[in-house]
Amino acid sequence: MPGIGAKSDAFEELAMPLFDQLYNFAHWLTQNRDEAEDLVQETYVKALKGFSSFQLGTNFRAWMYRILRNTFLTSRTGLRATATVPLDAEDDGPELAVEKETPETILMKSSNSHLMQSAIDELPVHFREILLLCEVEEMSYQEIAETLSIPIGTVMSRLSRARKALREGLRLQVQKG
């Protein structure tokens, strides 16, 4: 069947440039190299199997990130990491994502990337992933909303809360000395 080879080629052309980004995202989520490699491999297998359901012309990158995230959330690591997330974390009203003091300015003041990494590692998964998608992967709010299957308002609210939690974590670490 000639269609299968062409479909596989199209998938490879779209998917392979995303490999490093997906691995970085997986590593941030799992905090373990081996688990990140397994997660990315499983993501590519699932994406290739489900490629016929992908609608060409839509956001392939967001589609791949969504598969990776869903695979992570249903894994043992993901279930452990998300078990302590309160269900009502998003229900206390909107917050602006723009603030005077950002994690970046605090980092510049402390000039210690280890502090930043440690503070990020302490964040709940839903905060780590949104910071990574926004700040490292430089996704738009729309792309993040598509990737996480949440409304844009929730993206902005969660990003604001993630930055606030990161700022507090950094402050505590700096105070500890």
Side-chain angles (χ1 to χ4, degrees), residues 4-5 7-54 58-87 89 103-104 106-107 110-140 143-150 154-155 158-159 161-163 165-170 172-173 176:
I4 292 174
K7 197 172 279 191
S8 173
D9 289 347
F11 174 79
E12 190 173 328
E13 188 176 314
L14 289 168
M16 291 320 290
L18 297 175
F19 186 85
D20 289 340
Q21 295 172 25
L22 288 168
Y23 174 79
N24 288 338
F25 186 51
H27 189 255
W28 276 68
L29 289 175
T30 62
Q31 299 179 318
N32 177 294
R33 287 188 190 284
D34 292 335
E35 287 182 40
E37 288 171 8
D38 291 347
L39 181 57
V40 171
Q41 185 174 2
E42 193 173 343
T43 297
Y44 273 82
V45 168
K46 286 181 178 181
L48 183 56
K49 283 182 184 172
F51 189 57
S52 59
S53 71
F54 174 72
T58 60
N59 191 330
F60 183 76
R61 180 171 113 161
W63 186 72
M64 288 293 288
Y65 273 85
R66 189 165 47 250
I67 292 170
L68 186 142
R69 178 179 182 263
N70 290 340
T71 303
F72 168 72
L73 291 175
T74 57
S75 71
R76 287 189 318 258
T77 305
L79 291 171
R80 260 195 331 269
T82 57
T84 59
V85 175
L87 293 175
E104 293 80 16
I106 293 171
L107 177 62
S110 67
S111 68
N112 188 338
S113 63
H114 178 70
L115 281 177
M116 178 65 96
Q117 182 64 50
S118 180
I120 290 172
D121 290 348
E122 295 297 316
L123 293 175
V125 169
H126 65 289
F127 285 166
R128 275 199 326 257
E129 71 185 355
I130 203 148
L131 280 172
L132 178 69
L133 292 175
C134 181
E135 304 297 342
V136 178
E137 298 303 329
E138 298 180 347
M139 284 188 178
S140 68
E143 282 182 301
I144 295 170
E146 290 173 23
T147 298
L148 302 181
S149 301
I150 58 176
T154 304
V155 170
R158 198 176 287 176
L159 186 57
R161 286 184 181 90
R163 287 176 173 156
L166 181 58
R167 212 172 26 255
E168 289 305 310
L170 284 168
L172 288 173
Q173 287 189 16
K176 277 194 250 179

| note | Separation between CD1 (I144) and CD1 (I150), nearest 0.5 Å, reads 8.0 Å

| Heavy-atom closest pair, residues L68 and L22 | CD1-O, 3.5 Å

| message | side chain to side chain contact (heavy atoms under 4.5 Å, CB included) for M139 and C134? Distances and angles first, verdict last. | response | CA-CA 5 Å; M139 284 188 178; C134 181; over 6 Å; no

| field | Pairwise side-chain contact, F72 with V125, heavy-atom cut-off 4.5 Å (strictly under) | value | yes

| task | Begin from the C-alpha positions of E122 and E168 and carry the test side chain to side chain contact (heavy atoms under 4.5 Å, CB included) through to its verdict. | result | CA-CA 11 Å; E122 295 297 316; E168 289 305 310; over 6 Å; no

| side chain to side chain donor-acceptor pair (under 3.5 Å) involving Q31 - partner list, sequence neighbours excluded | D121

| field | Worked check of side chain to side chain contact (heavy atoms under 4.5 Å, CB included) between Y65 and Q21 | value | CA-CA 9 Å; Y65 273 85; Q21 295 172 25; 3.2 Å; yes

| message | R69: which residues meet the side chain to side chain donor-acceptor pair (under 3.5 Å) condition with it, sequence neighbours left out? | response | E129

| message | My understanding is that only residues two or more places apart in sequence, or in another chain, count here; which of them pass ring pair (Phe, Tyr, Trp, His ring centres under 6.0 Å) with W63? | response | F54, F60

| task | Over all heavy atoms of both residues, which pair between A119 and L166 is shortest? Give the atoms and the distance, please. | result | CB-CD1, 3.6 Å

| task | Of all the heavy-atom pairs spanning L132 and F25, show the shortest one and how long it is. | result | CD2-CD1, 2.8 Å

| request: Would you name the heavy atoms of I130 and R158 that are closest together and state the gap between them? | output: CD1-CB, 3.9 Å

| note | For L48, the side chain to side chain contact (heavy atoms under 4.5 Å, CB included) test, sequence neighbours excluded, returns F11

| task | Using the test salt bridge (charged side-chain N to carboxylate O under 4.0 Å, His left out), find all partners of E146 that sit at least two apart in sequence or belong to another chain. | result | none

| request: Under the side chain to side chain contact (heavy atoms under 4.5 Å, CB included) rule, what do N24 and V136 come out as? Steps first, then yes or no, please. | output: CA-CA 9 Å; N24 288 338; V136 178; 5.8 Å; no

| Rounded distance [0.5 Å steps], CG in L148 versus CG in L73 | 9.0 Å

| task | Examine distances only and state if a side-chain atom of R33 and a backbone atom of H27 form a donor-acceptor pair shorter than 3.5 Å. | result | no

| said: Rounded to the nearest 0.5 Å, what separates atom OG1 in T154 from atom CG in L159? | reply: 12.0 Å

| query | Is Q41 atom CD crowded by more than 12 heavy atoms from other residues, nucleotides or ligands, each under 6.0 Å away? | reply | no

| request: Using the test salt bridge (charged side-chain N to carboxylate O under 4.0 Å, His left out), find all partners of R61 that sit at least two apart in sequence or belong to another chain. | output: E143

| Hey, would you say the F19 and Y44 ring centroids sit under 6.0 Å apart? | yes

| Straight-line distance of T43 OG1 to Y23 OH, nearest 0.5 Å | 13.0 Å

| Quick one: salt bridge (charged side-chain N to carboxylate O under 4.0 Å, His left out) pairs with a partner in residues 12-29, sequence neighbours left out? | none

| task | Determine the minimum heavy-atom distance between L123 and A165, stating which atoms define it. | result | CD2-CB, 3.6 Å

| remark: Hits for side chain to side chain contact (heavy atoms under 4.5 Å, CB included) against N32, two or more places apart or cross-chain, chain-then-number order -> T30, D34, E35

| field | Partner set under side chain to side chain contact (heavy atoms under 4.5 Å, CB included) for E42, not counting sequence neighbours | value | K46, T71

